[in-house]
Amino acid sequence: NDLNLKKTHDYVFLGDFYDRGHDSDCIDYWVNKQLEKGVKIFRLIGNHEMAFFERDPNEYPVILPAQDSVKDIANNFQVTENLLKNIAEGSILAAYVSNDPIHDFPILYIHSFAINDDFIELGLEKNSDIYAFAHALNERLKKHGEYAYNLFLDFKKTNKIDWKLMMKSFLDDPLFNMYSKRNDINTSFIWRRTGLPALKIYPLDLDEVEIPDVYQIVGHTPVFFFKLPNEENNRPLIL
């Protein structure tokens with residue numbers, strides 16, 4: 001009972017709740033119990049959620065092998081199924097926007113950080129309406145989730161999951177394929193970083209990418225310091 005969230009609050013979970021510990025099944029159970037009790041939670045997808053879906057033909061996780069993603073094999077992929085179902089139903093989001101009631105400006109909640117190229121990829125103008133951006137991004141995630149979830153359910157009936165085919169819709173989309181350019185700054189918005197050890201880039205030179213004119217709260221780690229225009233060293237607010 002001490003872990004129950006307040007119904008009087010809105011919560012934004014910034015992703016990476018899964019894949020890195022022992023107890024993703026317990027976390028998944030607790031989150032769903034909170035939702036059943038009427039707690040208002042906006043859940044964002046992170047790269048560690050996506051890692052549950054990337055497996056080799058023997059079911060073993062290939063991107064971020066962790067104890068709980070391995071454990072999910074023995075659990076008949078219950079966490080994997082719940083995550084895919086929530087994405088397909090639109091209850092796990094790619095982005096969420098709310099208006100700050102005190103300062104009266106929109107805040108973008110996203111797992112990593114958004115750049116103007118993401119707007120263009122969605123068929124929007126740079127720095128256009130951030131609510132339209134979040135809606136288009138969420139619709140795209142939902143579409144991929146529906147494709148993957150329906151295939152997952154079909155595959156489970158045969159006891160043989162074609163993981164590569166299941167993930168095809170995600171991986172064909174540059175906004176959601178975070179693996180094809182793992183060592184590139186300008187990759188998927190749920191994997192994007194401001195510095196990469198492999199490239200010895202600390203900090204990122206923002207001349208390489210354009211950041212939209214919107215306040216962003218992100219959850220991805222590590223997000224290193226970088227320079228914003230006309231300011232001293234700064235970084236997105238990390239929770």
Side-chain angles (χ1 to χ4, degrees), residues 12-20 24-25 27-29 31-32 35 41-96 109-112 114 118 121-123 133-182 187-192 219-220:
V12 182
F13 292 173
L14 296 170
D16 285 0
F17 261 54
Y18 302 81
D19 181 69
R20 266 299 172 265
S24 284
D25 50 345
I27 292 170
D28 197 60
Y29 176 84
V31 170
N32 286 301
L35 292 167
I41 300 173
F42 299 95
R43 303 170 65 188
L44 303 184
I45 191 166
N47 53 294
H48 285 266
E49 280 78 20
M50 290 291 289
F52 260 81
F53 313 141
E54 289 288 342
R55 296 177 183 268
D56 66 22
N58 297 315
E59 321 273 58
Y60 196 78
V62 296
I63 299 298
L64 298 165
Q67 295 175 61
D68 50 3
S69 56
V70 173
K71 179 182 176 183
D72 203 40
I73 302 171
N75 288 341
N76 199 26
F77 300 106
Q78 188 59 58
V79 172
T80 301
E81 182 170 344
N82 286 344
L83 288 172
L84 285 171
K85 181 175 185 287
N86 280 286
I87 296 170
E89 292 176 348
S91 53
I92 288 183
L93 305 171
Y96 172 68
Y109 296 83
I110 197 164
H111 180 65
S112 183
D118 298 335
E121 177 62 34
L122 289 167
F133 169 77
H135 176 75
L137 195 55
N138 289 332
E139 285 298 303
R140 199 123 141 196
L141 175 66
K142 186 173 183 289
K143 180 192 73 174
H144 297 319
E146 290 169 348
Y147 174 90
Y149 181 54
N150 288 331
L151 276 180
F152 178 83
L153 294 179
D154 289 341
F155 287 142
K156 279 195 77 173
K157 295 173 186 175
T158 67
N159 293 316
K160 184 64 177 177
I161 300 174
D162 186 333
W163 297 93
K164 188 174 182 180
L165 179 59
M166 192 188 84
M167 290 300 293
K168 185 177 188 307
S169 185
F170 285 107
L171 298 178
D172 285 347
D173 188 334
L175 284 172
F176 293 93
N177 187 338
M178 62 183 185
Y179 309 116
S180 65
K181 297 189 287 186
R182 288 184 67 192
T187 184
S188 162
F189 70 92
I190 54 174
W191 179 258
R192 188 173 290 131
H220 185 55

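From a predicted model like this one, the values you see are computed outputs, not experimental measurements. Nothing fancy with the numbering, it's 1 onward along the sequence.
A distance of 10.5 Å separates CG in N86 from CD in E49, rounded to the nearest 0.5 Å. In this structure, the separation between CZ on R43 and OH on Y96 is 15.5 Å, given to the nearest 0.5 Å. Residue F152 holds its CZ atom at 12.5 Å from NZ of K157, rounded to the nearest 0.5 Å. Rounded to the nearest 0.5 angstrom, N138 CG and I92 CD1 are separated by 11.5 Å. Rounded to the nearest 0.5 Å, atoms OH (Y149) and CE (M166) are 12.0 Å apart. Rounded to the nearest 0.5 Å, atoms OH (Y18) and CG (D68) are 10.5 Å apart.
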Legend entry - Steps toward side-chain contact (heavy atoms from CB on, under 4.5 Å) verdict (Y147, L151): CA-CA 6 Å; Y147 174 90; L151 276 180; 3.5 Å; yes

Inset, instruction - Please report the C-alpha distance between K85 and E81 in whole Å, then the side-chain angles of each, then the deciding distance to 0.1 Å, and finally whether the salt bridge (Lys or Arg N to Asp or Glu O under 4.0 Å) criterion is met. - result: CA-CA 6 Å; K85 181 175 185 287; E81 182 170 344; over 6 Å; no

Inset, instruction - Step by step, work out the side-chain contact (heavy atoms from CB on, under 4.5 Å) result for H111 and W191. - result: CA-CA 8 Å; H111 180 65; W191 179 258; over 6 Å; no

Inset, instruction - Please assess D16 against N47 for the test side-chain contact (heavy atoms from CB on, under 4.5 Å), listing each intermediate value before the final yes or no. - result: CA-CA 7 Å; D16 285 0; N47 53 294; 3.4 Å; yes

Inset, instruction - Assess whether side-chain contact (heavy atoms from CB on, under 4.5 Å) is satisfied between E54 and L171, documenting all intermediate values. - result: CA-CA 10 Å; E54 289 288 342; L171 298 178; 3.6 Å; yes

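Of all heavy-atom pairs between L137 and I110, the closest is CD2-CD1, 4.4 Å. Taking all atoms of both residues into account, the shortest heavy-atom contact from L141 to A94 is CD2-N, 3.4 Å. Between P57 and K160, the closest heavy-atom pair is O-NZ, 3.2 Å. The two residues V70 and P61 have their closest heavy-atom pair at CG2-CG, 4.0 Å. Taking both residues in full, the closest heavy atoms of I27 and F17 are given as CD1-O, 3.4 Å, listed atom of the first, atom of the second, then distance.
A salt bridge is absent between K143 and E139: the closest approach of a Lys/Arg side-chain nitrogen to an acidic carboxylate oxygen does not fall below 4.0 angstrom.
Residue-environment remark: NZ (K164) stays at or below the threshold of 12 foreign heavy atoms within 6.0 Å. Atom NZ of K71 has more than 12 neighbouring heavy atoms from other residues, nucleotides or ligands inside a 6.0 Å radius.
Residues Q78 and N82 bring a donor and an acceptor atom of their side chains to less than 3.5 Å of each other.
Taking the side chain as every heavy atom from C-beta outward, D118 and L175 approach each other to under 4.5 Å. Counting heavy atoms from C-beta on, the side chains of F52 and S69 come closer than 4.5 Å. The shortest side-chain heavy-atom distance between L84 and L153 does not fall under the 4.5 Å cut-off.
Put simply, the side chain of N58 never gets that close to the backbone of Y60: no donor and acceptor are under 3.5 Å apart. No donor-acceptor distance shorter than 3.5 angstrom exists from the side chain of D28 to the backbone of S24, with no hydrogens or angles considered. Put simply, the side chain of N75 never gets that close to the backbone of D25: no donor and acceptor are under 3.5 Å apart.
Each of F170, F77, F53 was checked for a ring-ring contact (aromatic ring centres under 6.0 Å, His included) with W163, and the lone residue meeting it is F77.
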